[in-house]
Protein chains: 2
Amino acid sequence: MKTTHPETLRPRKTPTQARSAATVDAIFEATIQVLLTDGGHRLTTTRVAEKAGVSVGTMYQYFPHKQALMYAVVHQHLTIFVDEFEAACFRHWNEPIDNITQGIVTAFLDIKIRHPDVTRALYKIADELDTDELRFGTAKSLQTACISLLGSARDATFENLPEIAFTLLTAMNGTTRAVFEFGAEPEMVEMLHIQLLALCRGYLHISAVQRSNVSH
Amino acid sequence: MKTTHPETLRPRKTPTQARSAATVDAIFEATIQVLLTDGGHRLTTTRVAEKAGVSVGTMYQYFPHKQALMYAVVHQHLTIFVDEFEAACFRHWNEPIDNITQGIVTAFLDIKIRHPDVTRALYKIADELDTDELRFGTAKSLQTACISLLGSARDATFENLPEIAFTLLTAMNGTTRAVFEFGAEPEMVEMLHIQLLALCRGYLHISAVQRSNVSH
DNA sequence: ACCTGAACACCGTTCAAGT
DNA sequence: ACCTGAACACCGTTCAAGT
């Protein structure tokens, strides 16, 4: 039950030439398309290559195997997610804890909701992809951002920030994922938003070592 | 992106004869074995049949396709999970809300921890299995049990019990799943237990419409 | 009646042959 | 140098032939 070594999962050639970059982009786009229209287990290399307008052989020049292809697609979207989440964190730096909580929850949901179908498609292949590195790396980045932000709260102090950040993020992920699997209807998303706010507020409130009214 | 109709996922013949029952059991056992030793995507029908000591043809008499096989295995374990969870719920009926919270969290974790490797194996194939029926059915059962139990709390009342139960369960699932994907080391499980208690307590505390000291 | 396993269609991956 | 697609190994599924 070993997981594939990360190095073998990256594209074979860095697309320095414009032509190559275009090809890779086409393959990316084709992958998402096939994923969305044909569904998870109908994602075949032949189908992707055909939709991208290249031969299988060419595709294998850029991605040494199917896992590498899926890895690249997932990686791309997770990177976007992390970047936007970190940006949102900076925006609430040093604010009161309640604002921070609101910021974290809203950012998390907003990013997922922006492209609902891509989000759902990615949830599917993210599990078929058995590289822990990507999962763990993303988790670590989000956790770090979260720790710093919570640590900057001007009216609360926490012990065990790593544990708290981990719990907060994985709890949000679990609920959000469930909502997406249930179809992510607008009303359901709204209720998720409300409940997540309560969940995180209650948790951080009970976990705060000290709360002061420095400012209002 | 349609999901397979549930009816086609059930075993073809109900094993009325002892022989058949034994065969089905052997296939079940073989599936789990292959899953644990060979890993997720090396779970092939040939391999399972071989390990179970039957021909592929015979296996296809009991399970019309691979999905049906995986469905059956996942179904079996989810049923056990639901049963044990419901039993644990009954055990805390009518208690104070803090005890109930403790009961829910501990039950949830205990059941998952009892067979850690099976739990992890099931997380893997549970996603490859694209039948919403099983997922939703399980979620519904757990939610119902949770709603009743929370409603029975002798010292707290809640509005939106369905939403609260949903959030509680999916949050627990998200965090627990993450811990299992990280290897579920004992210390990590312990920290999960502590944090989950805080998470659920804080959430229920903030969501309670009314709290009274009826008893102590 | 029930079991078997060769046979078929399809998928991931390769590599000799083309340009 | 780079692309192509027939060819290979393997997997899910079937069904004619055995008992």
Side-chain angles (χ1 to χ4, degrees), chain A residues 3-5 8-27 30-31 34-35 37-73 124-125 128-131, chain B residues 3-5 8-27 30-31 34-35 37-73 124-125 128-131:
Chain A
T3 83
T4 323
H5 184 73
T8 69
L9 288 172
R10 261 176 268 284
R12 266 186 179 148
K13 54 166 71 169
T14 324
T16 44
Q17 289 141 356
R19 225 178 342 183
S20 305
T23 306
V24 169
D25 280 353
I27 295 174
T31 307
V34 173
L35 214 45
T37 61
D38 298 0
H41 47 174
R42 251 144 320 197
L43 181 79
T44 74
T45 48
T46 339
R47 227 177 280 236
V48 171
E50 189 184 16
K51 188 150 240 158
V54 295
S55 77
V56 243
T58 303
M59 210 174 83
Y60 271 83
Q61 228 175 333
Y62 294 99
F63 303 97
H65 41 250
K66 198 186 165 190
Q67 286 270 330
L69 177 63
M70 303 198 311
Y71 179 95
V73 174
K124 287 237 153 177
I125 59 167
E128 273 171 72
L129 197 57
D130 75 344
T131 165
Chain B
T3 84
T4 323
H5 183 74
T8 68
L9 287 173
R10 261 178 269 284
R12 265 184 181 149
K13 51 168 71 169
T14 324
T16 45
Q17 291 141 354
R19 227 177 342 186
S20 306
T23 307
V24 169
D25 280 353
I27 295 173
T31 308
V34 173
L35 214 47
T37 61
D38 298 2
H41 47 173
R42 250 144 321 196
L43 180 80
T44 74
T45 48
T46 338
R47 226 177 279 236
V48 171
E50 190 183 16
K51 187 150 241 158
V54 296
S55 76
V56 243
T58 304
M59 210 174 84
Y60 271 84
Q61 227 174 334
Y62 295 98
F63 303 96
H65 42 249
K66 197 185 165 190
Q67 287 271 329
L69 177 63
M70 304 198 312
Y71 178 96
V73 174
K124 286 235 152 178
I125 59 168
E128 273 172 69
L129 198 57
D130 75 343
T131 165

Protein-nucleic acid N or O pairs under 3.5 Å, nucleotides 17-19 of chain C:
none

Does any pair with a residue in residues 47-68 of chain A pass salt bridge (charged side-chain N to carboxylate O under 4.0 Å, His left out), and if so which ones, sequence neighbours excluded?
-> A/D38-A/R47
With a 4.5 Å heavy-atom cut-off, do B/M59 and B/I27 have their side chains touching?
-> yes
May I have the distance from B/H65 (atom NE2) to D/dG12 (atom P), rounded to whole angstrom?
-> 13 Å
CD1/B/I125 to CG/B/L35 distance, rounded to the nearest 0.5 angstrom?
-> 5.0 Å
When the distance from OH of B/Y62 to C1' of D/dT13 is rounded to whole Å, what number comes out?
-> 18 Å
B/M59 CE - D/dC15 C1' separation (whole Å) | 17 Å
Is there side-chain contact between B/Y62 and B/L69, with heavy atoms separated by less than 4.5 Å?
-> no
Looking at side-chain heavy atoms only, is the closest gap between B/E128 and B/L43 below 4.5 Å?
-> no
Give, for atom CE of A/M70 and atom CG of A/L129, the distance between the pair rounded to the nearest 0.5 Å.
-> 5.0 Å
Straight-line distance of A/T45 OG1 to A/Y60 OH, nearest 0.5 Å | 4.5 Å
Can you list the residues that meet the side chain to side chain donor-acceptor pair (under 3.5 Å) rule with B/S55, with sequence neighbours excluded?
-> B/T58
Measure across A/A72 and A/F63 and return the closest heavy-atom pair with its distance rounded to 0.1 Å.
-> CB-CE2, 3.7 Å
Would you mind building the protein contact string for nucleotides 4-11 of chain C? One character per nucleotide, 5' to 3', B for base within reach (heavy atoms under 4.0 Å), S for sugar-phosphate only, - for untouched.
-> BB-----S
In dot-bracket form, how is DNA chain D paired, counting a Watson-Crick or G-U wobble pair only if both its distances are under 3.5 Å and using | for bases paired to another strand?
-> ||.|||||...|||||.||
